[in-house]
Amino acid sequence: MAVEASDKPHVSDGFDDDDDGPVIFKRSTTSKRNVQGSNAPTSNAQGSSLPKGKIIPSGMVLPKKSSEGISRASTSHVKAYLVNPPIAKPSSERKILSDAKEESSSIIHLTKNNWEDSEDELDNKPLSARLKVNSNNANKATFAVVKKSSEDSDNVDDDDDIPLSARLKNCNFGTSSSKYDNSNQKKPISKVHKGSHDGFNASIKQERPSTLSVKRPLDNTDSLHSSIKKPKLSVLDASISDKKVSMKLEPKVEDDDIDDVPFSQRMKKLSESSSLKKSKNIIKVNKAGSSFKKQATKFKSFSNNSEYSKSTKLLPSSGDGQKKWTTLVHNGVIFPPPYQPHGVKMLYKGKPVVLTPEQEEVATMFAVMRDTDYMQKDKFKENFWTDWGKLLGKNNVIQNLDDCDFTPIYDWCQSEKEKKKQMSSEEKKALKEERAKLEEKYMWAIVDGVKEKVGNFRVEPPGLFRGRGEHPKMGKLKRRIRPNDITINIGKDAPIPECPIPGESWKDIRHDDTVTWLAFWNDPINPKLFKYVFLAASSSLKGQSDKEKYEKARMLKDYIGNIRAAYTKDFTCRDITKQQIAVATYLIDKLALRAGNEKDDDEADTVGCCTLKIENVTPEAPNKLQFNFLGKDSIKYENTVEVELPVYNAILKFQNDKQPGNDLFDMLDTSKLNAHLKELMPGLTAKVFRTFNASITLDDMLNKDTKDGDVAEKIVVYNHANKQVAIICNHQRSVSKSHTAQMSRLTEKIDELQAVLNELKTDLDRARKGKPPLKSSDGKTKKNLNPEALEKKIAQTTTKIQKMQRDMNAKEDLKTVALGTSKINYLDPRITVAWCKRHEVPIEKIFNKSLLAKFAWAMDVDPDFRF
DNA sequence: CGCTGAACTTAGAATCCCCTAG
DNA sequence: CTAGGGGATTCTAAGTTCAGCG
C-alpha cells in the first residue's frame, strides 16, 4: 500500500460509532490521512464485502405495529447521509444542520411546510389521500417534538421542493395558474383522480410483447380541455419575483443576481437552487437515542459556520461545470492478473498447433464462447478472425477459422470450472478472502472526508467484444488495458495512487473537481468512447443526483397538463417542425419512448423516438399505430396503440413520400426536441418523461390498489404495479434456457398432486362409508385414516396445488419481464418507502441490500409522500 | 447551428452465491 | 448433502444529455 502513510483523516469518535452509513471522518485541515488499508475501524454497511450481520440500511424503516411505529420509525434510524459533499471548507463539511433549521423552530417550520405540501399536492391525490391529510398532519405535529433534526431537514427538504416547483409552475403559466389549481378543485373527485394515470394502467394488457393498447390518461387530462395557453416566456418574469418572495422563507438560498441573467440561465439557477435546498444534509441517527444527542451537538457546532452559505453557492446541481467535490482520495484501479498460459493445444485440420501465449489467450477467449449465440453469427467469427489472424501472423499454419477446432481448449476450461466448483467451501472462502484483501484498498474512496464505495474499480479484462443485437463490431478483440491507458482523477492534495504494475505508469493525473469520475480510459473497441470509474450507486454523490432526477420528474407533474395542451394544439400545426415536435413529444409522453439519438454505422441499428424509421410505425385505420422497432440493447418494441386522430393523420403525413429507411421525423433530432422541452419546463428533457411516467404509475397503482390485508398481499400489489411499469418501459429479459423444462416439471408436479388429491377424495368417500382405503397406485395398502384426517390432508394438498399454480402462472407471466430495471432507475424510492410505512410493509421486502444502500437518501421520507 | 467530445445514466446478460427441496 | 433455482451482484454495453467549438 503505497499511499496510506500520507493522508489519513482521523476517524471521528462517537460520530460514527455504529454500523451503517458512510464512515465519516473528521479531519484536521492540516493533516489529512488516508483511510483504506486501515480497514476502516468503522465498518460500513455499504460495503458488501463487510460482515453482513444485521444491516440497518440507512434509516431503514421497519414499520412496527406499535402505535408510534410508523412515524417513529422514520425518525429513529436516520442515517448520516451527506447529500452535499462539495462543501468547500473541511470545517464546514460536517455541517449537517442547515441554518434554516437553526433559525426557525423546526416544529413550526415543519408543520407549515407539510401543510403547504398537502395543499399543493392535493389536486393530484385521490380522495383517500386527501382525507388522510388531516390526520397525518396531526400525527406529524405530535412527533415533531421528538423528531431528529435529520428528519426535519428532510422534511424541509421534500417540502421545499414542492413549493418551488409549484411556484415555477404557477408563474410559468402565469394567468393560468389559478385556473389550473381551481379547476381541479371544482372537478369531481373522480375526475381529479383520472387526471393521474389510472386510465392508462387499466388498459394495459398483460400480455406482451404483442400489441398492447396503451392508453394514457393524457386524453383525460383536464388541461387538455381547458383553454390554458402555451406558456410564454413573458410570464416567466413573474415567476422569478414570485419565487423570490417565497424564497425568503428559506434562508440560505441565494438568488440575488438572478435578475440580471437571461431567462434560460435564470431557470437554470432556479433549478440549481432548488436542488440545493433539496440536498440539505441528513443526519445519521443511531437507534439509541443517546448517541443522537451527542451527534446533534456536534452537528450544531458545525452548523453555525458561516462558511456554509458561501460554499453552497458552489454546489452543483447535477448540472455541469460545477464543483462536485472538494477533496477526493482514492487508490486508483486494480488490473486483472496477467494471462496464465495453459498450454492446451487446439487443433488445426485435426492437428495440434502450438500457439504463443498471446495467441493462445485470444484463442481461449473464443473457445469459451462456444455455447453462446455469438457462435452462430458470422459477423462475430469474421471480426474475431480478423483480430486473431493479426496475432497469428501471415505465415502461421492457421489460415482460416473453419479448420480450427478449439475443443481441447474448451474442454480444459470446462474442467477448470468444474474443479473450482468442486472445491470445498473452506477453500472457496479462503480464496475469496484473499481476493478481498487484495481489492480492499481499491474499494473505497474518500470524498470530502466521507468514505464511499467505488463502483467499478476493476479494469475491464481483455476479451472479445460482446455487442448486443447485430453489432458490427462483435467478436473484435478488446485488448488489455494498461496503466498507460488510464487517466486518474484525484484531489490535489491526495497522494497519487501507486501504479499497481511495476515499471509502468498512469497515462495522466488530473485534479478536476467538476467531474465525478476517479479514472477513465479509452474504450479499445471504439477509441472515441471512454470507460469511467465512478463511485458506487450507494455514494452520496450518486444519491444526490438520483434525488435530483426524481425531483425533476416530480416537477414535470406540475407542468404536464400544460405541456400536453401545448402539443395537442400543435398536432395540426402547419409548421412541420413544430408538428413533428408535437407528435414526437406525444409519443414520448404516452409511450415512454426514449429520445433516440443518431447512431453511427459502426453501432447496432437501433432507434428511439426521433430516429424512428417510417417502417417502424404502421398506421391501422382508423386511429391506431403499430410500433415495431429495435430499441436500446436491440430489445424489440412491439406495441399497437390507439392515438388521437390528429396524431394518426400527422403520422400518415410524415410517412407520405418517403421510402423505408427514411426518418419518420425528418425535421427532428434530440437536441431540437430537448431544446423545445426546455422551453416548457426548466431542465426538461425527453428522458424525464420516462421517469415521470414510471413513478407516477407506481404511485397511482399503489394507492389505488392497496387493500387491507397481509403483507404478502400487499407485496403482490406492489409487484403488479412494478410489472406495469416494466411493461410501459419495455424492460425485457431473455427467457432462461431452462424455463420450458422448469415449467413442464411444475406441471408434472401439479399433476401428481392432483392425482394424490383425487385419491384422497376417494379415500374420504370410502372412509365416510366406513370402508378402508383402496390400495395406492403402487399397490401398497394405506393406513386407514379417519375422515377428519383425510379432510385435513385434502385441504393441505389443495392449498399446495393452488400455490404451485399461482407460482407457475407468475413465472410464466414474468418470464420476459424485467422488474429490476425500473426499480433501480425509474421508480422514485420515496414512493415505495412511504407506501411501506403507510402499509406496514417492511421495506426489505421490496428493496434488497443494494437498493437500500442506493436509496439511503429516501429512507426517511414522510409516510404521506406522494410522487 | 451542427458536430464532437465528454460525462453520466440506463440496460440486459453473466456470474456469483445462498437457500431449499429432495 | 447436493443440485438447481433464483435472487443478488457484477459487468460492461448502450443509451442520453450537455458543453464547447468552428
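In the text below, chain A, chain B and the rest are named by the order of the sequence lines, each starting its count at 1.
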Phosphate oxygens OP1/OP2 of C:dC11: is one of them under 4.0 Å from a side-chain N or O of A:N456? no
Side chain to side chain contact (heavy atoms under 4.5 Å, CB included) partners for [X], two or more places apart:
{"X": "A:R435", "value": "A:E439, A:R458"}
{"X": "A:K531", "value": "A:E460, A:W521, A:D523"}
{"X": "A:T487", "value": "A:K507, A:D508, A:R510, A:W517, A:F520"}

Any base atoms under 4.0 Å from A:K737, or only sugar-phosphate, or nothing? Heavy atoms, all strands.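 Nothing, no nucleic acid heavy atom in range.
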Would you say A:D633's side chain and A:I635's backbone share a donor-acceptor pair under 3.5 angstrom?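 Here the side-chain-to-backbone pair does not exist.
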Counting only N and O atoms by type, is there a donor-acceptor contact under 3.5 Å from the side chain of A:N383 to the main-chain atoms of A:F380?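 Here the side-chain-to-backbone pair does not exist.
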Protein N or O to nucleotides 3-6 of chain C N or O, pairs below 3.5 Å:
{"from": "C:dG5", "atom 1": "OP1", "to": "A:R745", "atom 2": "NH1", "distance (Å)": "2.0"}
{"from": "C:dG5", "atom 1": "OP1", "to": "A:R745", "atom 2": "NH2", "distance (Å)": "3.4"}
{"from": "C:dG6", "atom 1": "OP1", "to": "A:K811", "atom 2": "NZ", "distance (Å)": "2.7"}
{"from": "C:dG6", "atom 1": "OP2", "to": "A:Q742", "atom 2": "OE1", "distance (Å)": "2.8"}
{"from": "C:dG6", "atom 1": "OP2", "to": "A:K811", "atom 2": "NZ", "distance (Å)": "2.8"}

Per A:T516 side chain, nearest of listed nucleotides C:dA13, C:dT17, B:dC8: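 Side chain of A:T516 sits closest to B:dC8.
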Could you check which of C:dC18, B:dT10, C:dT17 has an atom nearest any side-chain atom of A:N825?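 Looking only at side-chain atoms, A:N825 lies closest to B:dT10.
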Non-neighbouring partners of A:F457 that pass ring-ring contact (aromatic ring centres under 6.0 Å, His included), sequence neighbours left out: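 Partners of A:F457 under the ring-ring contact (aromatic ring centres under 6.0 Å, His included) test: none.
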Taking N or O atoms only and anything under 3.5 Å, show me the protein contacts with nucleotides 4-6 of chain B, one pair per line.
none

